[in-house]
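In this chain, residues are counted from 1 in sequence order. Both ligands and their constituent atoms are indexed starting at 1 by order of listing.
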Amino acid sequence: MLDVLVIGGGPAGVVAAMRAGDLGARTALVTEGEFGGMAANDGPVPVRSLAHAARLIRDARQLARYGIQVGEPLLDYSQLLGRVKDIVDDVRAHSTFRSQTDSAGVQIHEHAGMARFVDPHTMVTKSGLTLQSDKIILCPGGTSRKLSVPGAELTATHSDAWGLSSVPKSIVVIGGGATGVQVASVFNAFGAKIQLFQSGPRILPTEDEDVSAAVAAAFRESGMVVREDFGSIESFEKSPAGIRMHFSKNGERESLEATLAVVAIGWVANTSKLELAKAGVEINARGFISTDEFLTTSAANIFAAGDVTGRLMLVPQAIQDGFVAATNAVRSSEMKLLDQPAPIGSFTDPEYAQVGLTEIKAREQHDIASARVDFKSTTRTIIDGRTTGFCKLIADRATRKILGCHVVGERAVEIAQLAAVAMAGNMRVDDLAQVPLSFPTYAGVLGRVAAMVTRQLNLDLNWQGNLAEGVR
Ligand SMILES: Cc1cc2nc3c(=O)[nH]c(=O)nc-3n(C[C@H](O)[C@H](O)[C@H](O)COP(=O)(O)OP(=O)(O)OC[C@H]3O[C@@H](n4cnc5c(N)ncnc54)[C@H](O)[C@@H]3O)c2cc1C
C-alpha cells in the first residue's frame, strides 16, 4: 500500500509527487503518456517555439528599416517542426524535475495508459497496473473542448499543428481566447490567410476591454479577418479547398472555405475515464473537479491539482496546486492556496498581458485612478520600431494600492510581470513611480504610467525621472 498515488505527469502531478516524496511519503506517479504532461509536450514549450519562429520572421522583416539588406524570409515548416522537437527534447533533458522526482524516491510509471478508480483507495491503469494508496492526488489536466455540430470531426485543434507537413494556405480559427489568438497570430506570421471567429462581442473576453480592442485592431492591420459576434456554427463539410464552415446569425446564413479549421473554444477537464463516482469524487457545474481551499475533493482521502480544478489554467498555478495538495495529503490539511497576483500573458504579435483587475472590475469595487501610456510615445519602442501597444495602470485612490496592469505590445508579458512583483510586494503606486528604472527599456513604461497615476492622486514625487522619460 502506497502513502500517496499521483495521477498525471504534468507540472501539477510532478510537483505533487516530488513534494510527497520529499515529505517522506511512499509515493508513486502514474501518467498516461510522457513525463512532463502538456506543458512540455503540447502546450507552452512547443507553442512558444513556434511563436519564437514567428517573432524571427517579423524581426527579419524589420532589417531593411535599419539598413540591413536580406531577402524576404522563407519558412520551411518541416524544418521548423524538427527544431521544435529538438527544443522539447532539450527542455526535457535539462529539466531538474525528473531528477528531483527520482531522488525523492518516487516510483514513476510513464506510458501507463489511462488510470481509473476501482474504489476510493485503488486505481488500475490501462497498461494493467493495480495500485493501492492511502491518499490519491488527481492531476489529469484538461483537453480541448469539442464542437458538437455536424462535421465537427473534420476540424483540428492546436495539437494538430505538430502533424502538418506544411503551412496551410488558409485557416479559420474558431475561438478568440488565449489559444485561438496564438494559433491565429503564429500562422498569420507563417503566411496562412487567417480568419478568426469569435462568438462573443470581443476577442480575449477575459482581458481588459482596451486590450481586446488593441489586439483585434493590430490583427486586422496585419491582414487577418477578425469576426466578433459572428453568430453560431451550423456545420462543417469537406470542400475542394479543404473544409467549408456554415454559420448563421439572426436567421442569415453564410459560409466560408479554408484549408483547415482549428477549434479553440475552451478546455474541459480530463475526467471522463477516471470513473470518479467509484471514489465519491464530485465535479462542479463546469465539469471540473470541486475542491476546497486545501484542494481536498468531496472524498476526504482524494485531492485534485492543476487544470482539472478549472481555476487559472497555467503552469505556475499547477505547480503551486501540486505543492499544496501534496503537503495536505501527507500532513493532513494544513496549507491553503495563496491568494497572490497572477500575471497572465500571451506571446502573440502584438503580445498582451495582465495582472490584477480589469478597469471595469476595478471601477465596480473601488474609487480608482488610472493612466495609460501608448508605446508610440516611449523611447525604447521608437528605437526598436515596436510602437504598437500601451501600458495601463489602475490604482485605488484611497489606499494607493496597485489594482491592475494591462499591457499590449513588445515585452508585454515581462512588463506585467514586473507590475505583479510590485503588487505582491504591496508597493503603492507612488512607490513604484519613484523606482529609477533603467533607460531606455520596455519596463520603463511602468515607471512612467505609475508616475502619471501618482500625479492624478495629487501626490508629490521626490524623483521625477520616470515622468520625464516620455518627453525626452
Ligand atoms: C497551446 C497551449 C499553450 C499554453 N501556454 C501556456 C503558457 O504560455 N504558460 C502557462 O503557464 N501555461 C500555458 N498553457 C497551460 C499549461 O500547459 C497548463 O496549465 C498545464 O500544463 C497544466 O498542468 P497539469 O499538470 O494540470 O496538466 P497537464 O500538463 O495537462 O498534465 C496532465 C497529464 O495527465 C495525464 N493524464 C490524464 N488523465 C490521466 C489518467 N486518467 N491516467 C493517467 N494519466 C492521465 C495526461 O496525459 C497528461 O500527461 C498552455 C496550454 C496550451 C494548450
Exercise for review: Examine distances only and state if a side-chain atom of Thr327 and a backbone atom of Phe323 form a donor-acceptor pair shorter than 3.5 Å.
Suggested key: yes

**Study point:** Region of Val14 engaging ligand 1 - heavy atom pairs below 4.0 Å
**Key:** neither

Review point. For ligand 1, which atoms have a heavy atom of Val47 less than 4.0 angstrom away?
Key: 1 (C)

Review point. Given Val308, Asp307, Thr309, which has its nearest heavy atom closest to atom 22 (C) of ligand 1?
Key: Asp307

Check your understanding: Of the choices Cys139, Gly37, Ser272, which has the non-hydrogen atom that lies closest to atom 32 (C) of ligand 1?
Key -> Cys139

Review point. Does Met313 reach ligand 1, in the sense of a heavy atom lying below 4.0 Å from it?
Key: yes

Check your understanding: What do we get for Trp267 next to ligand 1 when only non-hydrogen atoms under 4.0 Å count, side chain, backbone, both or neither?
Key -> side chain

Exercise for review: Mark up the atoms of ligand 1 that fall under 4.0 Å of a heavy atom belonging to Val315, in ascending order.
Suggested key: 10 (C), 11 (O), 12 (N), 16 (C), 19 (O)

Check your understanding: Hey, which of Asp59, Thr381, Asp349 is the one that makes side chain to side chain donor-acceptor pair (under 3.5 Å) with Arg386?
Key -> Asp59

**Study point:** Numbering as shown, the atoms of ligand 1 that approach Leu314 to under 4.0 Å (heavy-atom distance)
**Key:** 10 (C), 11 (O), 12 (N), 19 (O)

**Study point:** Contact check: Glu34 vs ligand 1, nitrogen or oxygen atoms, below 3.5 angstrom
**Key:** no

Review point. Taking only heavy atoms of Pro316, which atoms of ligand 1 are found under 4.0 Å from at least one of them?
Key: 11 (O)

Review point. Nearest heavy atom to atom 36 (N) of ligand 1: which of Gly43, Pro140, Ser144, Ala178 does it belong to?
Key: Pro140

**Study point:** Ring geometry between Phe187 and Tyr77 (parallel below 30°, tilted from 30 to 60°, perpendicular above 60°)
**Key:** tilted

**Study point:** Presence of salt bridge, Glu228 and Arg220, under 4.0 angstrom
**Key:** yes

**Study point:** Six-ring centre of Tyr442, Arg380 cation under 6.0 angstrom, axis tolerance 45°
**Key:** no

Exercise for review: Under 4.0 Å from a heavy atom of Ala318: give me the atoms of ligand 1 that qualify, with their elements.
Suggested key: 23 (O)

**Study point:** Backbone N/O of Ser170 and side chain of Thr259: donor-acceptor pair under 3.5 Å
**Key:** yes

Check your understanding: Under 4.0 Å from any heavy atom of Gly9, which atoms of ligand 1 are there?
Key -> 33 (C), 34 (O)

Review point. How does Ile7 reach ligand 1, by side chain, by backbone, by both or by neither, if only non-hydrogen atoms under 4.0 Å count?
Key: side chain

Point to revise | Minimal non-hydrogen separation, Thr27 against Leu2, with atom names | key: C-CD2, 4.1 Å

Check your understanding: Which protein heavy atom lies closest to atom 23 (O) of ligand 1, and at what distance to 0.1 Å?
Key -> Pro11 CD, 3.4 Å

Revision key, fill the gap. Looking only at non-hydrogen atoms, the one of Ser159, Ala12, Gly306 nearest atom 25 (O) of ligand 1 is Ala12

Practice item. For atom 13 (C) of ligand 1, state which one of Gly141, Ala112, Pro44 supplies the nearest heavy atom. Key: Pro44

Study note, to complete from the structure: Under 4.0 Å between heavy atoms, the region of His158 that gets near ligand 1 turns out to be side chain

Practice item. Supply the atom-to-atom distance Leu29 CG to Ile7 CD1, rounded to the nearest 0.5 angstrom. Key: 8.0 Å

**Study point:** Between Phe294 and Phe303, ring centroids under 6.0 Å
**Key:** no

**Study point:** ligand 1 contacted by Gly113 (non-hydrogen, < 4.0 Å)
**Key:** yes

Point to revise | Whether Arg48 lies under 4.0 Å from ligand 1, heavy atom | key: yes

Review point. Parallel, tilted or perpendicular: which fits the ring planes of His158 and Trp267, with parallel below 30° and perpendicular above 60°?
Key: tilted

Practice item. Measure from NZ or CZ of Arg48 to the centre of the six-membered ring of Phe347 and say whether it is under 6.0 Å with the direction within 45° of the ring axis. Key: no

Review point. Does a salt bridge link Asp3 with Lys135, judged by any charged N lying under 4.0 Å from a carboxylate O?
Key: no

Study note, to complete from the structure: Of all protein heavy atoms, the one nearest atom 28 (P) of ligand 1 is Met38 N, 3.7 Å

